[in-house]
Structure formats: C-alpha cells, structure tokens
Amino acid sequence: MGKTAVVPGSFDPVTLGHLDIIKRAAVIFDDLYIVVLNNSSKNPLFSSEERVRLIEAVTADIPNVKVETFQGLLVDYAREVNAHAVVRGLRAVSDFEYEMQITSMNRVLSEQLETVFMMTNNQYSFLSSSIVKEVAKYGGDISELVPETVRKALTLKFDQQ
Ligand code: PNS
C-alpha cells in the first residue's frame, strides 16, 4: 500500500511558499491530500470553496494531489483518508512554537499520526498569506509571491470590497 499524507492549512490564499511544499511532498508521498481547514484564530478572506478551487487550479499538473475542505479536527480528517503523516512547512524559528503546539495537541488526539516538517525554500522564508493579502489590498505587486490565478483572484476580491 502506498504512503498517504495530508497537507493541512488555511490557505487563504495559497502562496508560492505553500506550492513549494506541496510539490516537494508530492514527490515523497504516493497520495497527497491538501485540506482546507478552519483556523479559529483567523478570519478568512476567501470562502473554503474558493480556497479549494484556487489550490485545485494551481496543482492541476500534479497527478497525486487531491484537494478537499473539512469542517472539524485535522486528526479526524487524517483518519478518514487513512493518512500516514501530516506535512507542515517551517519557515523560521518563529514558526516553531506554534507548530510544536499544534503537533503536540494532535499527538494527544491521535497517537499514531506522525507530523513531518519541511523547510521552505529560502526565497519563501518571509512569505505568508497574511503578508500577501496586506500587499495586495493596497495595490502592491504580488506577482513573485503567488501563482497568477491567485493574483487575479486577490485583485478581484479587493476590487469588490
Ligand atoms: O495555515 P494555518 O492557519 O497555520 O493552519 C492551521 C490549521 C488549519 C492546520 C489548524 O488550525 C487546524 O488543524 N485546524 C483544524 C482544527 C484542529 O484540528 N485543531 C486542533 C489542532 S490546533
């Protein structure tokens, strides 16, 4: 049986940093589920369905990737898709405490679920969805930070507001 991993996140919206992790994880695992989850400390700009559609668009050329959304705990989703591991990207030391907290909580909830961390490429170490939204909101150039489909979606979203 092949190895399955879940890449969870808010993906509001997906950035080139996320895409870098997804592409590299897709080489290591046989099946990769990208799941858009709810982070209760964030107020998303895009709906879950919009976020799923954007990720689907930018991962269309990766055959072993499936994109879904899930209302609930990551461990329950991971159980549902029989995942062997969760993959998270690490940018800087500042991510560590937050990731440690999530991973430890998930370990309490599901002892068997392993979390694997991948360091983002240096060029994306400063990148986050929040910073992209901030720049896009005020008309800054984000073309080096997100795929073109996402750039267009952000422009449209802020034009509508
Ligand atoms: O991209 P993010 O916002 O850093 O991702 C965080 C996310 C969505 C993976 C995390 O908030 C999450 O797993 N949410 C689902 C609810 C859950 O399982 N909570 C318990 C672990 S904190």
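Just so you know, these numbers use all the heavy atoms, side chains as well, and skip hydrogens, waters and symmetry mates. Every number for a ligand or one of its atoms is a count from 1 in the order of the listing.
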**Student:** Just which atoms of ligand 1 are under 4.0 Å from any heavy atom in L74?
**Tutor:**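 Numbered from 1, ligand 1 contributes 13 (O), 17 (C), 18 (O).
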**Student:** Work out which heavy atom in D12 is nearest to a heavy atom in P44; give both atom names and the distance.
**Tutor:** OD2-CA, 3.1 Å
**Student:** For atom 14 (N) of ligand 1, find the nearest protein heavy atom and state the residue, atom name and distance (0.1 Å precision).
**Tutor:**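 Minimum-distance protein heavy atom for atom 14 (N) of ligand 1 reads N38 O, 3.2 Å.
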**Student:** To the nearest 0.5 Å, what is the distance between OG1 (T115) and CZ (R88)?
**Tutor:** 9.0 Å
**Student:** Please report which non-hydrogen protein atom sits nearest to atom 16 (C) of ligand 1, along with the residue it belongs to and the distance in Å to one decimal place.
**Tutor:** G72 O, 3.6 Å
**Student:** Return yes when Y98 approaches ligand 1 closer than 4.0 angstrom through a heavy atom, no otherwise.
**Tutor:**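 It does, in that a heavy atom of Y98 comes within the 4.0 Å cut-off of ligand 1.
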**Student:** Taking both backbone and side-chain atoms of V75, is any N or O found less than 3.5 Å from an N or O belonging to ligand 1?
**Tutor:**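 No, V75 has no N/O under 3.5 Å of an N/O on ligand 1.
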**Student:** Can you tell me how far apart CD1 (I131) and CZ (F126) are? Round to the nearest 0.5 Å.
**Tutor:** 7.0 Å
**Student:** With a cut-off of 4.0 Å, which atoms of ligand 1 are near a heavy atom of K42?
**Tutor:**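 Counting from 1, the qualifying ligand atoms are 1 (O), 2 (P), 3 (O), 4 (O).
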**Student:** If you have a sec, work out which protein heavy atom is nearest atom 21 (C) of ligand 1 and how many Å separate them, to one decimal?
**Tutor:** N106 OD1, 3.5 Å
**Student:** Is the shortest distance from a heavy atom of S41 to ligand 1 less than 4.0 Å?
**Tutor:**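 Distance cut 4.0 Å: S41 fails for ligand 1.
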**Student:** How far is atom 17 (C) of ligand 1 from its nearest protein heavy atom, and which residue and atom name does that atom have?
**Tutor:**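 Here the closest protein heavy atom is L73 CD2, 3.5 Å.
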**Student:** Report yes or no: does D20 contribute a side-chain atom to a donor-acceptor pair with the main-chain N or O of T120 at less than 3.5 Å?
**Tutor:**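 Pair absent, no side-chain N/O of D20 close to backbone of T120.
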**Student:** Would you name the heavy atoms of L73 and F70 that are closest together and state the gap between them?
**Tutor:**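 In this case the closest contact between L73 and F70 is O-CE2, 3.3 Å.
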**Student:** Identify, for atom 5 (O) of ligand 1, the protein heavy atom at the shortest distance, and state residue, atom and that distance.
**Tutor:**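 Scanning the protein heavy atoms, the shortest distance from atom 5 (O) of ligand 1 goes to R88 NH1, 3.3 Å.
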**Student:** Show the nearest heavy-atom pair for residues P147 and L19, with the distance to one decimal.
**Tutor:** CG-CD2, 4.1 Å
**Student:** Quick one: nearest non-hydrogen protein atom to atom 12 (C) of ligand 1, plus distance?
**Tutor:** L37 CD1, 4.1 Å
**Student:** Is the contact between E99 and ligand 1 made by the side chain, the backbone, both, or neither, using heavy atoms and a 4.0 Å cut-off?
**Tutor:** neither
**Student:** Give the residue and atom name of whichever protein heavy atom lies nearest to atom 10 (C) of ligand 1, and the separation in Å to one decimal.
**Tutor:** I102 CD1, 4.5 Å
**Student:** Could you find the nearest protein heavy atom to atom 3 (O) of ligand 1 and give me its residue, atom name and distance?
**Tutor:** S10 OG, 2.5 Å
**Student:** Of all heavy-atom pairs between E99 and L90, which one has the smallest distance, and what is that distance?
**Tutor:**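 Scanning both residues completely, I find the closest heavy atoms to be CG-CD2, 3.7 Å.
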**Student:** Could you see if M105 belongs to whatever hydrophobic cluster contains V35? Use Ile, Leu, Val, Met, Phe, Trp, Tyr and a side-chain cutoff under 4.5 Å.
**Tutor:**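 Linked within one cluster.
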**Student:** Could you see which bit of Q101 sits under 4.0 Å from ligand 1, with heavy atoms only: side chain, backbone, both or neither?
**Tutor:**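 Neither; no heavy atom under 4.0 Å.
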**Student:** Could you tell me whether E114 and R107 make a salt bridge, using a distance below 4.0 angstrom between a side-chain N and a carboxylate O?
**Tutor:** yes
**Student:** Minimum heavy-atom separation for N121 and R24, please, with both atom names.
**Tutor:** N-NH1, 3.8 Å
